[in-house]
Amino acid sequence: QQANSQLQVSAAIIQSSEDAIIGKSLDGIIESWNRGAEKIFGYTASEAIGSPLKMLSPPDRVNEEAEIISRISRGERENHFETIRRRKDGRLINVSVSISPILDGEGNVIGASKIARDITESKQLSKALLQRQLMMERTESAAHIASFEWDVDANIVTWSPEMFRIFGRDPALGVPNLEGQAALYTPESTQLLYDAIGEAMAEGTPYELELMAVMPDGEHRP
């Protein structure tokens, strides 16, 4: 009874998971299909079970499943690799996949358990952010305007590429933290910068000010 109860709990967890959890035989046939798989791939359990798992692979990736099965048969695992799969409606999605062998009581590999997560939205967001960053960097370079960001909690400063150019600093040297940037300005300008940052954080108000920078050759330049 205790074993049955544990199995029921495990089955409930699998069914309620937002991730696709799929069981397959060593010849690549789908043997189990949870609700997460239905949501991600669009096939119902009755449509998927008994079908070859390669039906989810786009034409240029049909050999992936065979290669994975070969490694799983040797008891190996596949941890969090990213690939592309095809939904029932034909739409291609990005997925993060982990695959583990299923063993019998004697330790023999009899199948595989596959967990897949749809990461299409996060991949699209990352791509959009990268494109926005590249556009900003090109705009800053053309206008000779630099920017930096300060992570207050971690006290980590991030520079735009134009910031390195303006201050003549080798990117390989990294970026000094906020205190370390005092060497980049005259003492008076450093104090102005710290005061403006403090007031901006306290009041949420942007500030515009002119600072006197100390260039690598020792020259002071606004």
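Sequence positions, counted from 1, serve as the residue numbers for this chain. This one's a predicted model, so the numbers in the text were calculated from it and none came from an experiment.
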Grab the two heavy atoms, one from [X] and one from [Y], that are nearest each other, plus how far apart they are.
X	Y	answer
Gly75	Pro101	O-CG, 3.9 Å
Arg77	Ser100	NH1-OG, 2.7 Å
Trp159	Leu184	CZ2-CD1, 3.4 Å
Ile93	Arg91	CG2-NH1, 3.5 Å
Val109	Ser73	CG2-O, 4.0 Å
Ser57	Glu65	OG-CG, 3.9 Å

Does the side chain of Thr83 come under 3.5 Å of the side chain of Glu64 through a donor N or O and an acceptor N or O? yes

Is there side-chain contact between [X] and [Y], with at least one heavy-atom pair below 4.5 Å?
X	Y	answer
Ile30	Tyr43	no
Arg86	Leu56	no
Arg71	Arg74	yes
Lys39	Arg35	no

Kindly state each residue pair satisfying ring-ring contact (aromatic ring centres under 6.0 Å, His included) with at least one member in residues 175-205, sequence neighbours excluded. Phe167-Tyr185

How many angstroms lie between [atom1] in [X] and [atom2] in [Y], if you round to the nearest 0.5 Å?
X	Y	atom1	atom2	value
Ile99	Ile69	CD1	CD1	7.5 Å
Ile72	Ile102	CD1	CD1	9.5 Å
Leu53	Phe41	CG	CZ	8.0 Å
Lys54	Ile29	NZ	CD1	8.5 Å
Asn34	Ile21	CG	CD1	5.0 Å
Asn63	Ser70	CG	OG	12.0 Å

For the CZ atom on Arg87, are there more than 12 heavy atoms of other groups (residues, nucleotides or ligands in this structure) within a distance under 6.0 Å? yes

Looking at Glu210, I want to see if its CD is surrounded by more than 12 non-hydrogen atoms of other residues, nucleotides or ligands under 6.0 Å. no

Please report the C-alpha distance between Gln191 and Asp195 in whole Å, then the side-chain angles of each, then the deciding distance to 0.1 Å, and finally whether the side chain to side chain contact (heavy atoms under 4.5 Å, CB included) criterion is met. CA-CA 6 Å; Gln191 190 59 51; Asp195 290 345; 2.9 Å; yes

Should [X] and [Y] be regarded as members of a common hydrophobic cluster, given that ILVMFWY residues are connected when their side-chain heavy atoms come within less than 4.5 Å of each other, either directly or indirectly?
X	Y	result
Ile115	Ile84	no
Phe81	Val95	yes
Ile119	Val97	no
Leu103	Ile68	yes

Can Leu92 and Arg61 be said to form a side chain to side chain contact (heavy atoms under 4.5 Å, CB included), step by step? CA-CA 12 Å; Leu92 298 179; Arg61 295 176 183 262; over 6 Å; no

Are the side chain of [X] and the backbone N or O of [Y] linked by a donor-acceptor pair below 3.5 Å?
X	Y	answer
Asp118	Ala20	no
Ser189	Leu211	no
Ser98	His80	yes
Arg169	Gly174	yes

Take Glu82 and Asn94 through the side chain to side chain contact (heavy atoms under 4.5 Å, CB included) test and state the conclusion after the steps. CA-CA 7 Å; Glu82 295 182 7; Asn94 297 92; over 6 Å; no

Got a salt bridge between Arg165 and Glu162, using NZ or NE/NH1/NH2 to carboxylate O under 4.0 Å? yes

Intermediate values then yes/no, side chain to side chain contact (heavy atoms under 4.5 Å, CB included), Leu173 and Phe164: CA-CA 10 Å; Leu173 297 176; Phe164 287 99; over 6 Å; no

